[in-house]
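Okay, so here's the structure we're looking at.
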Amino acid sequence: MTKPLRKVVFPVAGLGTRFLPATKVVAKEMLPVLDKPLIQYAVDEAVDAGADTLVFVTNRYKHAIADYFDKAYELEAKLEEKGKDELLALVQGTLPANVRAIFVTQPEAHGLGHAVLCAKPVVGNEPFGIILPDDLIWNRGKGALGQMAALAESEHAGVIAVEEVPHDQTDKYGIVDAEPVDQRSARIRYMVEKPKPADAPSNLAVVGRYVLPGRIFELLEQTEPGAGGEIQLTDAIEALLMEQGKVLAYRFEGTRFDCGNKAGLVRATMHMAMQDRQLAAVVRDFAAQL
Ligand code: G1P
């Protein structure tokens, strides 16, 4: 892919049933890790990768995400009046001034591939990124998507983030069979969505970051329902691989937290707390007490 990455798609139309009853009214992407909602970590990573157009694929229950990135007139006026500049900067900083947010709806839930396809009219025929906000990836240096965008540009290929997972968990992920190129990247030979451990070609799992060419949309249009009766992004990427011969799997630098479940959210929260001097002391003391 020769062009730099400008657009990033966030599929955020899921129901978040693992966090009921909170998700009756709070979109799961709005659940906080310390003081920032999950979606903010994802947006920061996209902006760090150079994106200036963020495409949120939502459903009609997810107004909070649009509200969160919108201007909060009353609140901002109050903070300004009281001279609370630091808080004002936080409120205004959810979306940098040069970045725009576009919302498209996924009218019916037909899977991740279908959600991504809903972004086609906005993305068009150019390379773009996908971030699944449930997968929070923390890195001290460049974010995972930024690392992948650089590789996609230099290698002229789609890039999928991967990580080894326990063998008995292959049925939760897209799984790749890949031939190593160097320590971090590998050429994908084959990929399959949620295979049973006995059928999995490896334990190298796709995690929620992708850099793909615009061509994927046409392939998604031709993709039949797959695992779970849903239109799977993994199946369209497998078709892209057949067609273009080269899609890379990339072991990103950073730590992933699967915040789509409670254990992951607890871990992410503790990890982020440990990055803060005062909160780190609180975590240590409390852990000692426990
Ligand atoms: C999706 C993808 C899967 C990928 C996973 C990463 O699955 O379909 O290939 O491994 O995200 O989080 P989901 O978690 O939406 O079932």
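Source: prediction; values computed, not measured. FYI, the numbering just counts along the sequence from 1.
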**Message:** Salt bridge or not between Asp135 and Arg209? Use side-chain N to carboxylate O under 4.0 Å.
**Reply:** no

**Asked** Counting N and O atoms only, with roles assigned by atom type, does the side chain of Ser202 sit under 3.5 Å from a partner on the main chain of Asp177, one being a donor and the other an acceptor?
**Response** no

**Message:** Using the rule that Ile, Leu, Val, Met, Phe, Trp and Tyr join whenever any side-chain heavy atoms are under 4.5 Å apart, tell me whether Leu34 and Leu265 fall into a single cluster.
**Reply:** yes

**Prompt:** Looking at Glu164 and Arg251, does any basic side-chain N land under 4.0 Å from a carboxylate oxygen?
**Reply:** yes

**Request:** Please answer whether the main-chain N or O of Val57 pairs with a side-chain N or O of Lys62 as donor and acceptor at a distance below 3.5 Å.
**Result:** no

**Prompt:** So which of Leu233, Val9, Val247, Val8 actually passes side-chain contact (heavy atoms from CB on, under 4.5 Å) with Tyr210?
**Reply:** Leu233

**Asked** Can any side-chain N or O of Glu29 pair as donor or acceptor with the backbone N or O of Ile65 at less than 3.5 Å?
**Response** no

**Request:** Considering only NZ, NE, NH1 and NH2 on the basic side and carboxylate oxygens on the acidic side, decide whether Lys78 and Glu81 come within less than 4.0 Å.
**Result:** no

**Prompt:** Could you walk me through whether Lys36 and Tyr41 pass the side chain to side chain contact (heavy atoms under 4.5 Å, CB included) check?
**Reply:** CA-CA 7 Å; Lys36 282 200 285 181; Tyr41 291 92; 3.6 Å; yes

**Request:** Ignoring hydrogens and angles, tell me if any N or O in the side chain of Glu45 forms a donor-acceptor pair with the backbone of Leu145 under 3.5 Å.
**Result:** yes

**Item:** Side-chain donor or acceptor of Gln232 paired with backbone N/O of Gly111 under 3.5 Å
**Value:** no

**Request:** Please report the closest heavy-atom contact between Phe10 and Pro133, naming both atoms and the distance.
**Result:** CD2-CG, 4.5 Å

**Prompt:** Under 4.5 Å between any side-chain heavy atoms of Glu230 and Glu193, yes or no?
**Reply:** no

**Prompt:** If you measure from the Lys or Arg side-chain nitrogens to the Asp or Glu carboxylate oxygens, is any gap between Lys172 and Asp258 under 4.0 Å?
**Reply:** no

**Asked** Mind checking whether Thr23 and Leu15 have side chains closer than 4.5 Å, heavy atoms only?
**Response** no

**Message:** Centre-to-centre under 6.0 Å for Phe128 and Phe217, is that the case here?
**Reply:** yes

**Item:** Crowding at NZ, Lys246 (>12 non-hydrogen neighbours, <6.0 Å)
**Value:** yes

**Prompt:** So does Arg267 have more than 12 non-hydrogen atoms from other groups sitting under 6.0 Å from CZ?
**Reply:** no

**Message:** Measuring only between side-chain heavy atoms, which start at C-beta, is Ile39 closer than 4.5 Å to Met30?
**Reply:** yes

**Message:** For the backbone of Gly124 and the side chain of Lys7, can you confirm whether one donor and one acceptor N or O come within less than 3.5 Å of each other?
**Reply:** no

**Prompt:** Would you say Glu179's side chain and Arg189's backbone share a donor-acceptor pair under 3.5 angstrom?
**Reply:** no

**Request:** Determine yes or no for a side-chain-to-main-chain donor-acceptor pair under 3.5 angstrom, with Asn59 supplying the side chain and Ala13 the backbone.
**Result:** yes

**Message:** Please check: side-chain N/O of Lys28 versus main-chain N/O of Cys259, any donor-acceptor pairing under 3.5 Å?
**Reply:** no

**Item:** Backbone N/O of Thr234 and side chain of Glu238: donor-acceptor pair under 3.5 Å
**Value:** no

**Item:** Residue pair Gln40 / Asp44, side-chain donor-acceptor N/O under 3.5 Å
**Value:** yes

